[in-house]
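Note sheet for the following structure.
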Amino acid sequence: MNDEFYMMLALKEAQKAEEIDEVPVGAVIVDEHNQVIGQGFNQSISTSDPTSHAEINALRMACRQSGNYRLPRTSLYVTIEPCIMCMGAIIHARIKRIVFGATDPKWGAVLSLYNLASDHRLNHHPEIVQGVCEDKTRQIIKRFFMNKRSK
């Protein structure tokens, strides 16, 4: 599996969010046959839905595509470390691997602020790969917030 290739697809999703003035986070879900079965980008503001994060939108699409709310042989590629809400959904869906670019010290629930991926009290522990295309994923977020502050 080429992690950089799929992270670049997630970055394209993040760019879609940026184009509509949403926080630029993108996600892609890939099955065991290396097929993209879900993709999404942040749309919380435009949809007035606090759950409309990139990961949740990708999960919804992948679950519809597979006809199952469990995705045990899949990898989730996301440009920034998932938050608590998204990690809960990821764990419920039994995603096998989480691959992310930049850490999120304010909201990260994989390892920065919380460490839900390896919490022994939970019954599922996805494999974690961090730092894939980290510079590019960090840059799109930084640029977005710098532009917001300068307005």
Side-chain angles (χ1 to χ4, degrees), residues 1-30 36-63 69-72 74-151:
M1 196 172 281
N2 186 336
D3 289 342
E4 281 134 24
F5 173 79
Y6 294 110
M7 187 60 73
M8 293 308 292
L9 294 179
L11 266 166
K12 286 181 182 178
E13 291 296 310
Q15 289 166 343
K16 292 177 187 177
E18 186 175 37
E19 288 168 9
I20 61 169
D21 206 28
E22 295 270 1
V23 176
V25 178
V28 172
I29 297 177
V30 179
V36 174
I37 61 168
Q39 56 198 43
F41 56 92
N42 276 4
Q43 296 180 66
S44 296
I45 298 165
S46 58
T47 62
S48 299
D49 179 356
T51 70
S52 193
H53 287 196
E55 301 94 323
I56 300 297
N57 293 330
L59 280 167
R60 287 175 176 149
M61 180 184 284
C63 289
Y69 73 108
R70 299 277 199 231
L71 302 167
T74 61
S75 294
L76 168 71
Y77 292 84
V78 61
T79 55
I80 195 162
E81 180 181 3
C83 72
I84 298 167
M85 173 186 70
C86 292
M87 276 305 292
I90 291 163
I91 289 167
H92 278 293
R94 306 297 193 268
I95 296 283
K96 182 179 180 180
R97 279 175 88 228
I98 302 170
V99 181
F100 69 90
T103 56
D104 186 350
K106 292 185 180 177
W107 290 96
V110 176
L111 53 85
S112 293
L113 190 59
Y114 299 99
N115 195 336
L116 295 180
S118 63
D119 190 320
H120 69 277
R121 295 167 296 184
L122 300 174
N123 65 346
H124 179 67
H125 305 100
E127 175 190 337
I128 304 301
V129 178
Q130 71 177 92
V132 175
C133 302
E134 184 174 3
D135 290 340
K136 288 179 178 142
T137 58
R138 186 174 308 286
Q139 189 152 24
I140 192 171
I141 290 279
K142 260 180 125 169
R143 181 179 67 230
F144 176 81
F145 284 111
M146 283 174 60
N147 289 339
K148 283 286 187 197
R149 287 184 200 107
S150 69
K151 288 182 182 176

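Everything numeric in this text was worked out from a predicted model, so none of it was measured.
Side-chain contact between F144 and D21 is present, with heavy atoms from C-beta onward closer than 4.5 Å. Here the side chains of P24 and Q15 are not in contact, with every heavy-atom distance at 4.5 Å or above.
The salt bridge (charged side-chain N to carboxylate O under 4.0 Å, His left out) analysis of residues 113-126, with sequence neighbours excluded, yields the pairs D119-R121.
T137 approaches T79 most closely through the heavy-atom pair CB-O, 3.1 Å. Annotation for S112 and D104: closest pair CB-O, 3.5 Å, computed over non-hydrogen atoms. M7 approaches V99 most closely through the heavy-atom pair CE-O, 3.5 Å. Summarising the geometry of A109 relative to E81, their closest heavy-atom pair is N-OE2, 3.6 Å, with the distance given to 0.1 Å. The two residues S52 and N57 make their nearest non-hydrogen contact at OG-ND2, 3.1 Å. Across all non-hydrogen atoms, the minimal contact from E55 to C86 is OE1-SG, 3.4 Å.
Interatomic distance, CG of L116 versus CG of L111, reported as 10.5 Å (0.5 Å rounding). Rounding to the nearest 0.5 Å places CG of L71 at 5.5 Å from CD1 of I37. Taking CZ of R94 as the reference point, atom CZ of R70 lies at 3.5 Å (rounded to 0.5 Å). Separating the CG atom in L122 from the NE2 atom in H92 is a distance of 8.5 Å, to the nearest 0.5 Å. Between atom CD1 of residue I140 and atom CZ of residue R138 there is a gap of 13.5 Å, rounded to the nearest 0.5 Å. Within the model, atoms NE2 of H125 and CD1 of I91 stand 7.5 Å from one another, a figure rounded to the nearest 0.5 Å.
Side-chain contact, E22 with S46: a donor N or O sits under 3.5 Å from an acceptor N or O.
For the pair H124 (side chain) and I95 (backbone), a donor-acceptor distance under 3.5 Å is present.
The neighbour count for E134 CD, taken as heavy atoms of other residues, nucleotides or ligands under 6.0 Å away, is above 12. When the shell of 6.0 Å around OH of Y114 is examined, it contains 12 or fewer heavy atoms from other residues, nucleotides or ligands.
For E19 and K16, the salt-bridge test fails: no basic side-chain N is under 4.0 Å from an acidic carboxylate O.
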